[in-house]
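Here the structure comes first, spelled out in structure tokens, and everything after it is commentary.
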Amino acid sequence: VSGAAAAAIYGAALRGEWPLDPAVTYLNHGGYGVAPHEVLAVQAAWRDRIERNPTRFMVRELPDALRAAASAVARYIGAAPEDVVFVDNATGGCNAVLRSIDLAPGDEILVTNLGYGAITKAARYAAERSGAQVIESTVPLPLPDEEAVIAAVAARLGPRTRLAVFDHVASHTALVLPVAALSRLAHEAGARVLIDGAHAPGQVALDVPGIGADWYIGNCHKWLMAPRGCGFLWAAPAIQQATRPLAISHGYGGGFQAEFGWTGTRDPSPFLAAPAGIAFHDRLGGDGLRARNEALARAAGRLLLDAWGTAIGGPEACFAAMVTVRLPLAGPGTDERAWELYRRLSDEHGIEVAVMAFADALWVRIAAQAYNERADYERLAAVFRA
Ligand SMILES: Cc1ncc(COP(=O)(O)O)c(C=O)c1O
């Protein structure tokens, strides 16, 4: 499908490009990603090629193939190819960075209450091993404006902050954070900066070096159409030598690319299919697709807000292809209730949507991808009107 042709057929008409169950209203594209048939076929072709002669492939073909794929990702994020390596996912990439930092007792890692729980736990683990501590900035929710994020972070940065971790697109709230401004702020305080961009590639415009962080981690398997298990790590040149993969292997001492390029025997097909994901995203419109998804998500947020008379998780301008809307339900916002509600929406209504607990209430986080259309969100709206 060409960009222009795709524009005419976004929505349910395009759904056949993905293996998604037609009986399910899928409003959680970002949760785990959904790879299109075409990209899965490219991945399968790589697997076939590997299996024809695994020894030859691993020893002689993989290094170049991997660098070619990493170069395609680098081009997409505006980076130099040599500054980008693959990691399995954002969790692995963030853990690698957190373990690469030398912390001393009394040092601090700054995170925010918007951070992804698993990464905050990884920061706690890194801190606890060295007598350091994790400091959490509290951003008010629903978010009044972008300034509130800056102010919350500024209030907790200090002389002992060694590392600040900021999400590019925050998971629970779907808020897009001002990562360039936050990076500047943290650097001024003398801290290093890790941006967790798990949800960003393919969802927001990306000029990774321009953000000015020390490390940036992204997933290609969420919004960039790659098969699951395809993340990348960008590191500023000055910090690459000190950045180690989670598994030390043959590449040890050989530099950033060599160390991350071999971390033990694994299936490299998700990495090798990343360029196919980027190509598919481009063919559906690239920036045009991102703009269309953003417009649809924001319109869907308004639709739900009108239907339920509740609240949006922040200013509309702070959302991209996901929006959080408060559910019209009384009672506490607990993870247990969120889980039960998610389960009922899935089992009883055939709607896959993330249900989140924050700001002492329950929220849905809706996503908009090329295969979604307004009717999907009308179905969700109707569940709670009934
Ligand atoms: C901000 C953030 N960080 C990390 C992750 C973890 O991503 P993965 O499971 O691919 O490691 C997510 C997943 O949604 C996320 O939203």
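Remember, predicted model here, so these are calculated numbers, not experimental data. As the structure lists them, so they are numbered: ligands from 1, and atoms in each ligand from 1.
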Partner set under salt bridge (charged side-chain N to carboxylate O under 4.0 Å, His left out) for Arg75, not counting sequence neighbours: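 Scan of Arg75 (salt bridge (charged side-chain N to carboxylate O under 4.0 Å, His left out), adjacent residues dropped) gives none.
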Which residues share a side-chain contact (heavy atoms from CB on, under 4.5 Å) with Val84, sequence neighbours left out: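 Partners of Val84 under the side-chain contact (heavy atoms from CB on, under 4.5 Å) test: Val73, Ala74, Ile77, Ala79, Phe232, Trp234.
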Give a yes or no on whether a salt bridge exists between [X] and [Y], defined as a side-chain N under 4.0 angstrom from a carboxylate O.
X      : Y      : result
Arg266 : Asp88  : yes
Arg49  : Glu61  : yes
Glu316 : Arg302 : yes

Give the atoms of ligand 1, by number and element, whose distance to some non-hydrogen atom of [X] is under 4.0 Å.
X      : answer
Asp167 : 1 (C)
Asn89  : 8 (P), 10 (O), 11 (O)
His199 : 14 (O), 16 (O)
His221 : 10 (O)
Asp196 : 1 (C), 2 (C), 3 (N), 4 (C)

Asn219 N/O to ligand 1 N/O under 3.5 Å: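 Checking ligand 1 against Asn219, an N or O pair does fall under 3.5 Å apart.
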N/O separation below 3.5 Å, Ala90 to ligand 1: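 In this structure, Ala90 places an N or O atom under 3.5 Å from an N or O of ligand 1.
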Taking atom 6 (C) of ligand 1 as the reference point, the nearest protein heavy atom with its distance: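 Minimum-distance protein heavy atom for atom 6 (C) of ligand 1 reads Tyr116 CE2, 3.4 Å.
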Atom 11 (O) of ligand 1: the protein heavy-atom neighbour that sits closest, reported with distance to 0.1 Å: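 Ranked first by proximity to atom 11 (O) of ligand 1 is Thr91 OG1, 2.5 Å.
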Lys222 near ligand 1 by a heavy-atom separation under 4.0 Å: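 Per 4.0 Å heavy-atom rule, Lys222 contacts ligand 1.
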Near-ring test Trp223/His29, centroid separation under 6.0 angstrom: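 Yes, close enough.
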Aromatic contact, Phe271 with Trp46 (centres under 6.0 Å):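 No, the ring of Phe271 stays outside the 6.0 Å limit from the ring of Trp46, centre to centre.
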